[in-house]
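What follows is a set of notes on a single structure, which appears directly below.
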Amino acid sequence: YEKLNSRLTSLQELHDKFEECENGVRSIMLRSTGERDAGNGIRGLLADFIQTDPQYETAVEAVLGEKLQYIVVESHRNGIEALDYIKSQALGKASIVPLALRLHESSPTVVPTPAGGRAMPLGMLVSTTDEYRSIIDHLLSDVILVDCLATALSVWHASGNGHTLVTLDGEVVDPAGIITHNDRFTYDEVVE
């Protein structure tokens, strides 16, 4: 119990200090933590607003990658203020995503039917509140989850529809056919 409790405390401290984030993101988030009620418009990291079943976490992390560190803000004005802060202090980089995205009309994702495999839009497997749904839909609009790399390549070869394909193990095949494997970062590596 003590070992698990100590580990939980360590993980909570890492999370609260934004240790997993880029320097610029960490700087903005640490600065805004005390100011949240002051109306600075910073809502949090994108990762704070999405949930999925554990079996899909690796795929979501692989396809979103650094986008999980996007800072969600109420408006561009709030984002510019945050970026001005890190620029003036030379604190690194950060990406800002406003709640009100200007989205293009898109047709529903047509999911290719792989021979002998499964495929479904990854966005359907990620939950969030209505307020953040447009951001998630935008980021995952062309992403199809498949069971394995063989299925991903089969779908990629069979369809020329420009989807990003991601496997349950975190391999990503982009629309051009580039395959990327992402090692899943865990807090265990930092704590131990």
Side-chain angles (χ1 to χ4, degrees), residues 7-8 10-11 14-15 18-26 29 44-72 92-97 101 103-129 132-192:
R7 184 179 184 132
L8 177 61
S10 296
L11 293 173
L14 288 172
H15 179 268
F18 303 96
E19 292 294 331
E20 74 280 6
C21 296
E22 296 275 341
N23 288 337
V25 174
R26 183 180 322 114
M29 295 307 298
L45 299 178
L46 178 66
D48 297 335
F49 304 113
I50 62 175
Q51 298 83 37
T52 192
D53 290 338
Q55 64 188 2
Y56 307 123
E57 285 177 358
T58 299
V60 170
E61 289 175 5
V63 79
L64 289 178
E66 287 184 4
K67 293 174 184 165
L68 290 168
Q69 292 185 33
Y70 279 5
I71 299 172
V72 180
K93 70 176 188 169
S95 295
I96 303 295
V97 59
L101 291 177
L103 302 175
H104 299 285
E105 290 292 321
S106 62
S107 56
T109 301
V110 177
V111 180
T113 307
R118 299 182 331 201
M120 64 180 31
L122 186 60
M124 291 177 51
L125 303 170
V126 173
S127 60
T128 189
T129 62
Y132 302 101
R133 176 50 60 189
S134 65
I135 297 170
I136 302 306
D137 288 348
H138 170 71
L139 293 173
L140 298 177
S141 65
D142 72 330
V143 180
I144 304 294
L145 176 71
V146 294
D147 51 359
C148 65
L149 188 55
T151 302
L153 292 174
S154 172
V155 169
W156 185 84
H157 284 289
S159 66
N161 56 15
H163 291 298
T164 297
L165 303 158
V166 63
T167 70
L168 291 168
D169 289 334
E171 291 109 358
V172 178
V173 179
D174 80 357
I178 298 170
I179 302 170
T180 304
H181 173 75
N182 296 292
D183 280 335
R184 184 174 181 194
F185 170 80
T186 63
Y187 285 111
D188 297 342
E189 298 166 9
V190 176
V191 175
E192 294 180 342

Q.
Run the side chain to side chain contact (heavy atoms under 4.5 Å, CB included) test on L168 and Y56 for me, step by step, so that the C-alpha distance in whole Å, both residues' side-chain angles and the decisive distance to 0.1 Å come before the verdict.
A. CA-CA 6 Å; L168 291 168; Y56 307 123; 3.8 Å; yes
Q. Is there a side-chain contact between V25 and I71, using heavy atoms and a 4.5 Å cut-off?
A. yes
Q: First locate atom CG of L64, then atom CG of L140, and finally report the distance between them rounded to the nearest 0.5 Å.
A: 5.0 Å
Q.
If we ignore hydrogens and angles and just use 3.5 Å, is the side chain of T128 paired with the main-chain N or O of F49 as donor and acceptor?
A. yes
Q | Closest non-hydrogen atom pair between A94 and G24, with its separation | A | CB-C, 4.2 Å
Q. With sequence neighbours left out, what residues match K93 under salt bridge (charged side-chain N to carboxylate O under 4.0 Å, His left out)?
A. E66
Q. Considering all heavy atoms of both residues, which atom of D142 and which atom of G162 are nearest to each other, and what is their separation?
A. OD2-O, 3.8 Å
Q. Between A62 and V166, what is the shortest heavy-atom contact and its length?
A. CB-CG2, 4.3 Å
Taking only distance into account, with no hydrogens and no angle test, what donor-acceptor pairs under 3.5 Å do side-chain atoms of residues 171-178 form with protein atoms, sequence neighbours excluded?
from	atom 1	to	atom 2	distance (Å)
E171	OE1	T167	OG1	2.6
D174	OD1	A176	N	3.0
D174	OD1	G177	N	2.9
D174	OD1	I178	N	2.8

Q: Would you please test L46 and L139 for side chain to side chain contact (heavy atoms under 4.5 Å, CB included) and show each step?
A: CA-CA 11 Å; L46 178 66; L139 293 173; 3.4 Å; yes
Q) Say you draw a straight line from CD1 of I50 to CD1 of I136; how long is it, rounded to the nearest 0.5 Å? A) 5.0 Å
Q: Please assess L68 against L45 for the test side chain to side chain contact (heavy atoms under 4.5 Å, CB included), listing each intermediate value before the final yes or no.
A: CA-CA 7 Å; L68 290 168; L45 299 178; over 6 Å; no
Q: Measure the spacing between CZ of R133 and NE2 of H138 and express it to the nearest 0.5 Å.
A: 14.0 Å
Q. Given the rule in the side chain to side chain contact (heavy atoms under 4.5 Å, CB included) test, do I144 and V155 qualify, once you have shown the distances and angles that lead to the verdict?
A. CA-CA 10 Å; I144 304 294; V155 169; 5.8 Å; no
Q | Heavy-atom side-chain contact between D48 and V72 under 4.5 Å | A | no
